[in-house]
Amino acid sequence: MIIFLISLSSKQKLYHKMSIPSKYEAQKVENQWYKYWMDNEYFYSTPDARESYTIVIPPPNVTGVLHMGHMLNNTLQDVLIRKARLMGKNACWVPGTDHASIATEAKVVARLKERGIAKSDISRDEFLDYAWEWKNEYGGVILEQLKKLGCSCDWKRTKFTMDEDMSASVIRVFVELYNKGLIYRGYRMVNWDPEARTTLSDEEVIYEEQQGLLYYIAYPIDGTDERLVVATTRPETILGDTAICIHPQDERYAHLKGKKAIVPISNRSIPIIEDEYVDLEFGTGCLKVTPAHDENDKALGEKHNLETIDIFNADATLNAHGLHYEGKDRFVVRDEISKELKGLGLLEKTEPYTNKVGTSERTKAVIEPRLSEQWFLKMDTLAQPAIDAVLHTGEVKFFPKKFEKTYRHWMENIRDWNISRQLWWGQRIPAYYYGKGSQDYVVAEDADQALNLARKKSENDKLTAKNLRQDKDVLDTWFSSWLWPISVFDGIMEPENEDIKYYYPTSDLVTAPDILFFWVARMIMAGYEFKGQRPFENIYLTGIVRDKQRRKMSKSLGNSPDALELIEHYGADSVRVGLMLSSAAGNDLLFDEALCQQGKNFANKVWNAFRLVQGWEVEDIPQAESACLGLEWYRAKLAKTLSDINDHFDKYRLSDALMSVYKLVWDDFCSWLLEIVKPAYQQPIDKTTYKAIIELFEANLCILHPFMPFLTEEIWQRIRKRNKDEALIVSSWPTLSLNNQELIPEFEFATTVISAVRNIRKKKNLANKEALDLLFIDKEKLDQRWDVVIKKLAYLKSIGSVAAAVEGAVTFRVKSNEYYIALEGKLDTEAEIEKIKEELEYTQGFLKAVEKKLANERFVNNAPEKVVAMEKKKASDALAKIETLEKSLESLK
RNA sequence: GGGCUCUUAGCUCAGUUGGUUCAGAGCACCUGCCUUACAAGCAGGGGGUCGUUGGUUCGAAUCCAACAGGGCCCACCA
């Protein structure tokens, strides 16, 4: 049973009874309750004897502003954390932001540009001063916005991925991994973002289909009049060509083996090589080789000992190898060079061609493959425990489960991670160079340690700090984010501290699937590598918020509503409900403001239920029988719904959980229970019923609280004055045993009768005022104790039984019993007969089908007994129904 | 090219191990109501051969195959 702390004197009125507006005004109360929760420190958590329930926020970009994706994501987290808090767990939701090196640096660069300052004009330290200034100015904005949404984060624990201790953790981890031999430096083809002027990891490259051209370029053959035609999508790269490749078995070009081709424009002579890599079918069957600008070409170049000519600057303009194109952008050059080739008669033709072009996830710039020296993290050994945890032991679970397959696919084909970025905003790589040789460097947590190591490694005691040069690059942002669930509790630097021992592993992670590889997979790897334990148990992957046309919501499309304006207009609770209602885990959410309106309507419904209840005069009078029954039924229904809701939560079906509450409150509580117990106009309600209604109302508020925290707290506090420790946010989730469940179908039976009577009233245009008699034949078939309820809600004068059909009555059937509404005046007998005939026909057909099934030996022999028994019951029910139908048909005739 | 996934009412989606409770929910829609909590509401109502075609089975929205059409992820074909 529910334990409620409520005491009522017989005439006690609700707290704040006067002047309750008929519309719920969310905007007026939300800020006030948020402040109340903050002032009373309900969000804060410290380790204690309770079970911990922990969520770490996916840290938004420090310079970000709240968008619909954040709204969805953080509403989900808040629902989970509030539920856990009500369940009596020590709930801790750690907020924070991410330094997002590329995005933030880009913004700082842009801002400096506005002031007329170029990044290249200032020192690294000066730049970082500007960056911190920016961070301090805008860094908290998004977290402040989360407060509007009602997020109950432990703000005292707010972290930033570049906080001192966070950065120290990153550096320590780098050093550890380096010492284990998992981090290495390599000269590799990497993804170059010319806009941000940095390398990117493979995951940061988004391939997009683009409509381009395939250029057919003729290369004269040295010493002959012949030309060799090569197809390419990137004519500007011919200036970096160092070979032409043909297939060894290609007879078309067999005579050219060993000859040399002349690169147009640059007039360099390059070898014609043979390799089976060439696809005979594609283009002209031969390939230009540009080892500096293509991964495959690089491989060919290494195999065939080719020269490498890099023709680009860092910003993807051409360098000196670009000859007269030097300084021009690659796309400008593409256009111009094709014109020049045409003028030279060396452009045979162009044809439209669709290919996939890699673009930068952050800047959208087209990625340039580029050879450079970078730092990499070996992934295969890190991946193994993370694969086992998800796919074998089930220590880490995905909701929905289908993402486990995506995860598996990626993890099993994982490639080394390029972790260095040519940026300044981020954790600087702790490698220190002391000499000119490629191995003349050491890796250490700080300069002092580095100096010691360097002295040892170089066997030169005279090295000083001045001889050391720290690597210029910073680490990929995700190299700090992957530690998030550990580092927010300082678990790297202080592995035995109380917080990390208490809160780690965390419970649930809520995030979007687009950062599954960037972040989620890597956190799992980090969890096992640095703590030997999973970082979280359950991963709830949200969908993408789209508009009604299924387009992803984005700034550029302008189809994303302003999150704060939505809250302003509908209230945070309503927006939360709107988001939750149609967002099953993993399903994209087609956002429509109508959903917020639905949320608002619901808020108002609850509000008005409260208005009704608070307006009742309570007196010490006997309880109505109908009220007693209604309450019994509702308790049973509440228990059932609660069990459904708990089940939905266990399966992370949060929208289903909300829908269950929604229907419980709106349909069961408001439409049925309140109508049953509602006293007649200006009549008082009895004390017992009133007390019970308040208890049940409070239980409803509690269940609804995770979804609509403001509204529920507002009503909760209006019901009566509460002490600090009695706030709804820290109350207890109801626990009810599943008693009296048989009342549910009984009551449903009664509501069916009521609906049928209402239907007849409607069809016959009978006002509620006009009291009717309800008669039925078979007393045994109706549990008569519901009579009072039926009578009240169907506005009936009396309920009684008759031996046979009465004349001048309308009939209806519920299950196999027949009911009559006695009517004065004439009846449309013909229509009645028609209706009954129709139903009779249908039932007979139905019976036939069932009997056929039962006559089938194979069915009777093979189907489980239970199923056969059910069919038999169906048959007998149908038979009984036919009997009553025939009887009434007789009497009508 | 490889992998995953989806197709159920006008819209968004539930339908767990094939079997009364299986053809559902919410919204939208239609009809009637300004009934003294709520028109942001009340009451009543209509609506789907479960993408197509085969197969397995006593029995298929559910299992299998093929096809049609969406979506997602991965991949170096110029």
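In what follows, every heavy atom counts, from backbone to side chain, and hydrogens, waters and symmetry copies are set aside. Naming convention: chains lettered A, B, ... in sequence-line order (proteins, then strands); numbering from 1 in each chain.
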Participant: Hey, is the side chain of A/Lys663 poking within less than 4.0 Å of OP1 or OP2 on B/G26, counting only N and O atoms?
Facilitator: no

Participant: Under 3.5 Å for both donor-acceptor distances, Watson-Crick or wobble: does B/G47 have a partner, and if so which one?
Facilitator: none

Participant: If we take the C1' atom in both B/C34 and B/C42, what is their distance in whole Å?
Facilitator: 11 Å

Participant: Roughly how far apart, to the nearest Å, are B/A23 and B/G48 at atom P?
Facilitator: 14 Å

Participant: Which whole-number value in Å describes the distance from A/Glu593 CD to B/A28 C1'?
Facilitator: 17 Å

Participant: Between B/G15 and B/G32, how far is it from one P atom to the other, in whole Å?
Facilitator: 38 Å

Participant: If you assign A/Leu590 and A/Asn413 each to the RNA chain B nucleotide with the nearest heavy atom, which residue ends up on the more 5' nucleotide?
Facilitator: A/Leu590

Participant: For the side chain of A/Arg653, counting heavy atoms from C-beta on, which of B/G15, B/A78, B/U5 is nearest?
Facilitator: B/G15

Participant: Please report, rounded to the nearest Å, how far the C1' atom of B/C27 is from the CH2 atom of A/Trp666.
Facilitator: 11 Å

Participant: Rounding to an integer number of Å, can you tell me how far A/Trp607 CH2 sits from B/A40 P?
Facilitator: 17 Å

Participant: Could you identify the nucleotide paired to B/C42, looking across every strand shown and requiring Watson-Crick or G-U wobble geometry with both distances under 3.5 Å?
Facilitator: B/G32

Participant: Hey, does the side chain of A/Asn604 come within less than 4.0 Å of B/G41's phosphate (OP1/OP2), counting only N and O?
Facilitator: no

Participant: Do the side-chain N or O atoms of A/Asn601 get closer than 4.0 angstrom to the phosphate oxygens (OP1, OP2) of B/G41?
Facilitator: yes

Participant: Of the candidate nucleotides B/G2, B/A37, B/A40, which contains the atom at the shortest distance from the side chain of A/His409?
Facilitator: B/G2

Participant: Determine the Euclidean distance between corresponding C1' atoms of B/G45 and B/A9; express it in Å to zero decimal places.
Facilitator: 15 Å

Participant: Determine the contact category for A/Asn759: base if any of its heavy atoms lies under 4.0 Å from a base atom, sugar-phosphate if only primed atoms, P, OP1 or OP2 are that close, otherwise nothing.
Facilitator: sugar-phosphate

Participant: Which nucleotide, if any, forms a Watson-Crick or G-U wobble pair with B/A65, using both distances under 3.5 Å?
Facilitator: B/U53

Participant: State which residue, out of A/Asp241, A/Thr242, A/Asn296, fulfils the side chain to side chain donor-acceptor pair (under 3.5 Å) condition with A/Thr290.
Facilitator: A/Asp241

Participant: Tell me whether the side-chain N or O atoms of A/Glu675 pair up with the base of B/A37 as donor and acceptor below 3.5 Å, since no angle test is needed here.
Facilitator: yes

Participant: Does this structure show an ion pair linking A/Arg408 with A/Glu404, if we count only N-O contacts that are shorter than 4.0 Å?
Facilitator: no

Participant: Could you state the interatomic distance from CG (A/Asp202) to OH (A/Tyr207), rounded to the nearest 0.5 Å?
Facilitator: 7.0 Å

Participant: Is a donor-acceptor contact shorter than 3.5 angstrom present between the side chain of A/Lys605 and the base of B/C38?
Facilitator: yes

Participant: OP1, OP2 of B/A78 versus side-chain N and O of A/Tyr353: anything below 4.0 Å?
Facilitator: yes

Participant: With a 3.5 Å cut-off and just heavy-atom distances, do the side chain of A/Lys405 and the base of B/U5 make a donor-acceptor pair?
Facilitator: no

Participant: If I take atom CZ in residue A/Arg758 and atom C1' in nucleotide B/C42, what distance separates them, rounded to the nearest angstrom?
Facilitator: 9 Å

Participant: Rounded to whole Å, please give me the gap between CZ in A/Phe403 and C1' in B/C6.
Facilitator: 13 Å

Participant: Using atom C1' in both nucleotides, what's the gap between B/C13 and B/C76 to the nearest angstrom?
Facilitator: 40 Å

Participant: In whole Å, measure the gap between the C1' atoms of B/A75 and B/C4 for me.
Facilitator: 15 Å

Participant: Remember a base hit wins even if backbone is also touched, and classify A/Arg550 as base, sugar-phosphate or nothing at under 4.0 Å, heavy atoms.
Facilitator: sugar-phosphate

Participant: Looking across every strand, which nucleic acid part, if any, lies under 4.0 Å from A/Lys678 by heavy atom: base, sugar-phosphate, or nothing?
Facilitator: base

Participant: Look at the side-chain N and O atoms of A/Tyr662 and state whether any lies under 4.0 Å from the OP1 or OP2 oxygen of B/C27.
Facilitator: yes

Participant: Taking atom C1' of B/C29 as reference, at what distance in whole Å does atom CD of A/Gln598 sit?
Facilitator: 15 Å

Participant: Using whole Å, report how far CG of A/Asp202 lies from P of B/C76.
Facilitator: 8 Å

Participant: Any idea which of B/A75, B/A78, B/A40 is nearest the A/Arg415 side chain?
Facilitator: B/A75

Participant: Return the pairing partner of B/A60 with a 3.5 Å limit on both distances, Watson-Crick or G-U wobble; otherwise return none.
Facilitator: none

Participant: Does CD in A/Glu351 sit with more than 12 non-hydrogen atoms of other residues, nucleotides or ligands closer than 6.0 Å?
Facilitator: yes

Participant: Within the 4.0 Å heavy-atom criterion, would you say A/Tyr207 contacts the bases, only the backbone, or no part of the nucleic acid?
Facilitator: nothing

Participant: Quote, to the nearest angstrom, the P distance that separates B/G47 from B/C63.
Facilitator: 29 Å

Participant: Salt bridge or not between A/Asp547 and A/Arg551? Use side-chain N to carboxylate O under 4.0 Å.
Facilitator: yes

Participant: If I pick the C1' atom on B/G2 and the same atom on B/A14, what distance separates them, to the nearest angstrom?
Facilitator: 32 Å

Participant: Is there a side-chain contact between A/Ser755 and the phosphate of B/G44, meaning an N or O under 4.0 Å from OP1 or OP2?
Facilitator: yes

Participant: Counting only Watson-Crick pairs (N1-N3 plus N6-O4 or O6-N4) and G-U wobbles (N1-O2, O6-N3), all under 3.5 Å, who is the partner of B/C13?
Facilitator: B/G24

Participant: Once you apply the 3.5 Å cut-off to both distances, tell me the Watson-Crick or G-U wobble partner of B/G1, or none.
Facilitator: B/C74

Participant: For A/Glu295 and A/Lys298, what are the C-alpha separation, side-chain angles and deciding distance, and is it a salt bridge (charged side-chain N to carboxylate O under 4.0 Å, His left out)?
Facilitator: CA-CA 5 Å; A/Glu295 178 88 46; A/Lys298 181 190 173 238; 5.5 Å; no

Participant: Salt-bridged, A/Glu714 to A/Lys28, with N to O below 4.0 Å?
Facilitator: no

Participant: What's the NZ-C1' distance between A/Lys762 and B/G32, to the nearest Å?
Facilitator: 3 Å

Participant: Hey, does A/Thr406 reach any base, or is it just sugar-phosphate, or nothing, if we go heavy atoms under 4.0 Å?
Facilitator: sugar-phosphate

